[in-house]
Amino acid sequence: MTHLNNKLIDRFGRTAKKLRISVTDRCNMRCIYCMPVNNVDWFEQENILNFHEIIRVVRILADLGIVKVRLTGGEPLVRPNLPSLIKLISRIHQIEHMGMTTNGIGLQTNAARLKDAGLQSVNVSLDTLKESRFKAINGVDGLDKVLQGIQVANDVGLSVKLNVVVIRGWNDDEIIEFTELSRKTNFTVRFIEFMPLDGTSMWNNHLVVTKAEIIKKLASEGIDISPLYNDYSEPARLFTLNDDRGRLGFIPSISEPFCTNCDRIRLTSDGRLLTCLYEKPGTDLKGLLRNGKTDEVIKSSILDSIKYKPEGIIRLIRTESLRARMNLMHRIGG
Ligand code: SAM
Ligand code: SF4
């Protein structure tokens with residue numbers, strides 16, 4: 001197929017500008033909303049893209065208009081030599097920003113090297129501030145390590161945001177504490193609605209704590225917030241706390257899906273291009289990379305896939321077809 005326009009534009013008119021690269025499906029945590037509890041079926045090592053292959057795809061995508069990259073996983077910091085990959089990506093001149101989403105366990109020891117390699121920001125997942133609860137939600141002990149990691153990341157000059165997946169009955173009683181944490185530290189705390197991308201099949205609509213509910217809860221505690229200017233291509237709706245410090249974000253993937261403004265695509269660690277979190281199985285770029293195909297052939301395959309990017313979760317909600325475990329977050333990269 002020939003492409004009149006060498007841009008990553010889909011049939012709904014959305015243009016992809018951001019790439020999330022899952023560098024591994026492996027993880028040193030077992031968050032209840034993400035990983036299967038037992039018997040995790042990891043990708044075979046030989047099926048994981050090497051750095052040379054990842055860079056080749058990023059270069060092709062950068063030529064097609066990608067300007068921001070986020071490293072994710074699984075846990076990106078369990079991938080050996082990650083700073084080398086960051087260095088290689090930071091040399092691609094079209095890439096204006098590189099961030100990483102991490103569970104924070106490895107930040108304390110790695111933050112300085114990541115920053116030196118060219119990383120600019122980290123979104124750190126933190127679902128509870130109670131040590132006794134951390135293991136129940138995240139599967140391991142580690143609250144102190146994560147808190148120290150956040151501090152070190154900030155100290156070395158990485159821009160830090162905190163991500164909280166709010167699940168009814170698990171951590172929705174900590175919304176005020178997280179708000180106070182934002183006031184105290186000035187980090188943006190982003191509350192994420194639980195999505196059906198869980199390995200445990202626990203997801204149901206009742207467990208989702210919506211943006212509207214959280215705002216109501218804050219108001220009932222006398223905490224006023226005001227909307228900030230929002231870039232609607234970003235998933236987070238941002239608010240200031242009405243005193244001088246702190247900022248909250250809401251990622252309302254279920255109650256106010258943002259599919260119409262989606263500008264993201266994903267590369268999985270086993271080399272599939274996913275144009276949507278809910279796409280399965282995606283386009284096998286690894287096969288093309290390992291079968292000697294030229295950049296032009298790979299580019300053409302990418303442009304074809306983009307064209308057919310699904311409408312997104314918005315359609316699944318409209319057709320009432322959301323159910324648990326629609327995809328596995330640790331495999332696709334959140
Ligand atoms: N291991 C890293 C981490 O936890 O930050 C990066 C990968 S994780 C899959 C990326 C993000 O997805 C995290 O912020 C995590 O909280 C979020 N996430 C995972 N499963 C989710 C789900 N079912 N619904 C909403 N967010 C989810
Ligand atoms: Fe691991 Fe992140 Fe999934 Fe938690 S959310 S199990 S830290 S990949």
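When a ligand or atom number is given, it counts from 1 through the structure's own listing order. Please read these numbers as outputs of a predicted model, since none were measured by experiment.
A donor-acceptor pair is defined here as one N or O able to donate and one able to accept, closer than 3.5 Å; no such pair exists between the side chain of T101 and the backbone of T72. With W203 contributing its side chain and F194 its backbone, the two residues share a donor-acceptor pair below 3.5 Å. The backbone N or O of L8 lies less than 3.5 Å from no partner atom in the side chain of T15, so there is not a single donor-acceptor pair. Of the possible polar contacts, one joining the E279 side chain to the T275 backbone as a donor-acceptor pair under 3.5 Å is found.
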Residues 152-161 side chain polar contacts: donor-acceptor under 3.5 Å, at least two apart:
| unit_1 | atom_1 | unit_2 | atom_2 | d |
| --- | --- | --- | --- | --- |
| D155 | OD1 | Q151 | NE2 | 3.1 |

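Every N/O-N/O distance between N123 and ligand 1 stays at or above 3.5 Å. An N or O contact shorter than 3.5 Å links Y33 to ligand 1 by distance. For ligand 1, the polar-atom distance check finds no N/O of T101 at less than 3.5 Å from any of the ligand's N/O atoms.
Ion pairing between E234 and K18 holds under the 4.0 Å rule for side-chain N and carboxylate O. In summary, E213 and K216 do not engage in a salt bridge, as defined by a charged side-chain N under 4.0 Å from a carboxylate O. With salt bridges taken as basic N to acidic carboxylate O contacts below 4.0 Å, one links D10 and R14.
Those atoms of ligand 1 that come under 4.0 Å of a heavy atom in G73, given as number and element, are 7 (C), 9 (C). Counting atoms of ligand 1 from 1 in the listed order, those under 4.0 Å from a heavy atom of S125 are 3 (C), 4 (O), 5 (O), 13 (C), 14 (O), 15 (C), 16 (O). Residue V165 has at least one heavy-atom neighbour below 4.0 Å for each of these atoms of ligand 1: 16 (O), 26 (N), 27 (C). Every atom of ligand 2 is numbered from 1 in the order shown, and the set under 4.0 Å from a heavy atom of Y33 is 5 (S). Taking a cut-off of under 4.0 Å to the non-hydrogen atoms of N163, the atoms of ligand 1 that pass are 14 (O). Proximity to T72 (heavy-atom distance under 4.0 Å) selects the following atoms of ligand 1: 6 (C), 7 (C).
E193 counts as a contact of ligand 1, since one of its heavy atoms falls under 4.0 Å from the ligand. The closest approach between E75 and ligand 1 falls below 4.0 Å for a heavy atom of the residue.
Within the model, atoms CG of L126 and CG of N163 stand 9.5 Å from one another, a figure rounded to the nearest 0.5 Å. Remark: R59 CZ to I89 CD1 distance equals 10.0 Å, nearest 0.5 Å.
Within the structure, salt bridge (charged side-chain N to carboxylate O under 4.0 Å, His left out) pairs that include any residue of residues 124-136 comprise R133-D173, R133-E174 (at least two apart or interchain). Among residues at least two apart or in separate chains, salt bridge (charged side-chain N to carboxylate O under 4.0 Å, His left out) pairs with a member in residues 313-334 are E311-R318.
Below the 2.8 Å limit, atom 1 (Fe) of ligand 2 has as protein N, O or S neighbours C27 SG.
Of the listed residues (G74, S22, G333, C34), the one carrying the non-hydrogen atom nearest atom 7 (C) of ligand 1 is G74. Remark: among candidates R190, M329, M195, the nearest residue to atom 12 (O) of ligand 1 is M329, based on non-hydrogen atoms.
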